[in-house]
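Let me begin by presenting the structure, written as structure tokens, before commenting on it.
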Amino acid sequence: MRSLDAFAGEKLAALDAKNLRRRLSPTRRHDGAVVERDGKRLISFSCNDYLNLSQHPLVRAAAAEAALNYGAGAAASRLVTGDHPLLSDLEKRLARLKGTEAACVFGSGYLANTGVIPTLVGPDDVIFVDALAHACIWAGAQLSGAKVVKFAHNDPADLKRLLIAERAAARHALVATDGVFSMDGDIAPLDILSELCERHDAWLLSDDAHGVGVLAGGRGSGALFPNAEIPLQMGTLSKALGSYGGYLCGSQAVIDLLKTRARTLVYATGLPPASAAAALAALDLIAADPAMTEVPVAKARLFTQRLELPEAASPIVPVILGSAENALAASARLEAQGFLVVAIRPPTVPEGTARLRIAFSAAHDDNDVIRLADAIASLQDATP
Ligand SMILES: *Cc1c(COP(=O)(O)O)cnc(C)c1O
């Protein structure tokens with residue numbers, strides 16, 4: 001198809017011209033925070049494996065054992081024959097961790113949000129989404145057919161204004177936000193959002209992909225706000241829990257509804273038993289040593305102190321450089337010094353806010369954190 005390849009070629013050329021083309025780069029992970037790319041070993045500050053549990057011998061062994069005992073894949077949708085008993089064990093554990101009645105596991109975090117949101121809201125409804133919420137929240141919102149209203153990032157006053165303007169015309173309302181913002185590392189004011197939701201009869205969904213395992217003793221960002229009511233607590237198994245898969249924790253009624261209606265559960269193959277076993281092993285390790293959950297944020301704070309940046313609230317610290325070109329150049333200079341810090345560019349972040357997104361993990365040495373901070377300080381000195 002000549003027109004097809006011409007189309008793809010033109011798209012790629014346009015992205016190249018704006019420094020916005022992305023390329024895959026095969027990467028092997030070694031012990032600790034070391035990764036290997038193009039035969040070079042680098043200390044990675046771009047992994048979301050905050051507790052390094054994907055590499056933990058007990059987590060690996062749990063995954064291997066489950067794969068050997070039960071097979072490499074789930075073989076069908078959970079509603080057919082893909083609902084391995086490990087999945088309900090995991091759901092009970094997640095519900096307990098989050099303090100909800102029940103939980104539902106999905107094939108990934110992306111599949112969780114794109115399944116949950118359209119199950120709960122539709123064309124007569126409205127969904128309010130934080131401007132910097134993760135792409136899969138936006139995808140779920142668009143799939144739902146509800147009216148999608150963007151509110152200014154972490155700005156409850158803006159949300160309140162929009163609720164007053166838009167809520168009454170809709171049947172149901174959902175407010176969706178990241179708990180910890182994936183590219184900025186800041187935390188949503190879940191207590192204030194929860195109060196607004198209560199006052200305006202809206203349902204609060206918080207995506208805790210970057211909070212579970214690393215905030216509030218591992219319980220996640222929601223637990224930082226004991227008075228917040230968060231009926232829809234979504235998250236992923238793929239970051240601090242070192243495995244793969246997503247979940248939603250909520251009331252029994254909501255979970256029962258998802259299990260019969262969420263299209264990404266009904267029409268997608270179940271999570272492999274090995275992923276569930278690995279997540280369970282990770283949750284065991286966290287329960288046995290809750291102090292480990294504090295290490296990634298402590299590393300991030302060491303970094304922000306060294307650079308005199310605002311104190312890190314999570315393991316994620318952005319260093320905003322503006323243009324995609326600047327971000328790519330900074331990343332390349334750090335790579336030459338042995339650090340992998342991937343440049344994050346639009347459309348993952350808003351235009352003009354390309355950045356280094358630095359993710360700290362328990363595997364980082366304090367010395368390496370300080371060396372990275374100093375390398376970044378000298379980058380900025382060198383930038384006009
Ligand atoms: C990574 C991420 C997801 C997607 O989770 P996966 O399990 O990787 O699909 C969802 N939301 C946020 C905020 C994320 O950072």
Side-chain angles (χ1 to χ4, degrees), residues 24 27 29 45-51 53-54 63 74 87 90-91 94 98 103-118 127 129-143 153-154 174-188 190 193 204-215 220-222 230 232-249 262-265 268-272 274-276 278-279 282-283 296 300 313-318 342 344 347-350 355 357-361:
L24 294 171
T27 306
R29 297 185 56 218
F45 286 89
S46 289
C47 294
N48 298 321
D49 191 7
Y50 299 116
L51 302 172
L53 290 177
S54 80
L87 272 56
L90 177 58
E91 289 172 342
L94 290 166
K98 296 289 184 173
C104 179
V105 168
F106 289 83
S108 72
Y110 199 107
L111 290 173
N113 275 333
T114 50
V116 169
I117 295 171
I127 168 165
V129 184
D130 184 285
L132 298 186
H134 192 266
C136 63
I137 290 181
W138 291 99
Q142 273 147 16
L143 273 174
H153 173 56
N154 272 356
L174 188 82
V175 171
T177 183
D178 290 15
V180 177
F181 285 84
S182 57
M183 297 298 135
D184 293 83
D186 53 345
I187 292 175
L190 292 167
L193 298 182
L204 181 58
L205 182 151
S206 174
D207 175 337
D208 199 36
H210 298 279
V212 70
V214 290
L215 295 178
S221 54
I230 309 168
L232 301 164
Q233 303 197 47
M234 177 272 168
T236 177
L237 310 175
S238 321
K239 288 164 184 160
L241 301 183
S243 178
Y244 195 72
Y247 62 83
L248 185 94
C249 295
R263 296 176 69 85
T264 56
L265 182 137
T269 300
L271 188 70
S275 300
L283 289 167
S314 75
I316 302 163
V317 179
V342 174
I344 306 290
T348 304
V349 291
R355 67 194 65 188
R357 170 198 183 265
I358 306 166
F360 293 92
S361 94

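Atom set for the values below is all heavy atoms of this structure, side chains included, hydrogens, waters and symmetry mates excluded. Both counts, for ligands and for their atoms, begin at 1 and track the order of listing.
Tested against Y247, the residues V116, V212, T236, L90 include a single side-chain contact (heavy atoms from CB on, under 4.5 Å) partner, V212.
Residue A209 approaches ligand 1 through these ligand atoms, each under 4.0 Å from one of its heavy atoms: 2 (C), 11 (N), 12 (C), 13 (C), 14 (C), 15 (O). Annotation for ligand 1: atoms under 4.0 Å from non-hydrogen atoms of D178 are 13 (C). Short contacts between ligand 1 and H210, defined as distances under 4.0 Å to a heavy atom of the residue, involve ligand atoms 14 (C), 15 (O). Less than 4.0 angstrom separates some heavy atom of S238 from each of these atoms of ligand 1: 7 (O). Shown in contact with S182 at under 4.0 Å from a heavy atom are these atoms of ligand 1, numbered in order with element: 15 (O).
Side-chain contact between V105 and L94 is present, with heavy atoms from C-beta onward closer than 4.5 Å.
Residue T236 places at least one N or O, backbone or side chain, under 3.5 Å from an N or O of ligand 1. At a 3.5 angstrom cut-off on N or O pairs, Y244 does not count as close to ligand 1. Looking at K239 next to ligand 1, an N or O pair under 3.5 Å apart turns up. Considering backbone and side-chain N/O of C136, none are found under 3.5 Å from N/O of ligand 1.
Aromatic ring centres of F45 and F360: separated by under 6.0 Å. Separation of the H153 and F181 ring centroids falls under the 6.0 Å cut-off.
Under the 3.5 Å distance criterion, the side-chain polar atoms of T264 are matched with a main-chain donor or acceptor of L111. A donor-acceptor pair under 3.5 Å links the side-chain atoms of N154 to the main chain of I187, judged by distance alone. With D208 contributing its side chain and G235 its backbone, the two residues share no donor-acceptor pair below 3.5 Å.
At the top of the distance list for atom 9 (O) of ligand 1, counting protein heavy atoms only, stands Y110 N, 2.9 Å. Of the protein's heavy atoms, G109 N, 3.4 Å lies nearest to atom 6 (P) of ligand 1. With hydrogens left out, the protein atom closest to atom 11 (N) of ligand 1 is D207 OD2, 2.5 Å, a heavy atom.
Taking every heavy atom of both residues into account, R357 and S46 meet most closely at O-OG, 4.2 Å.
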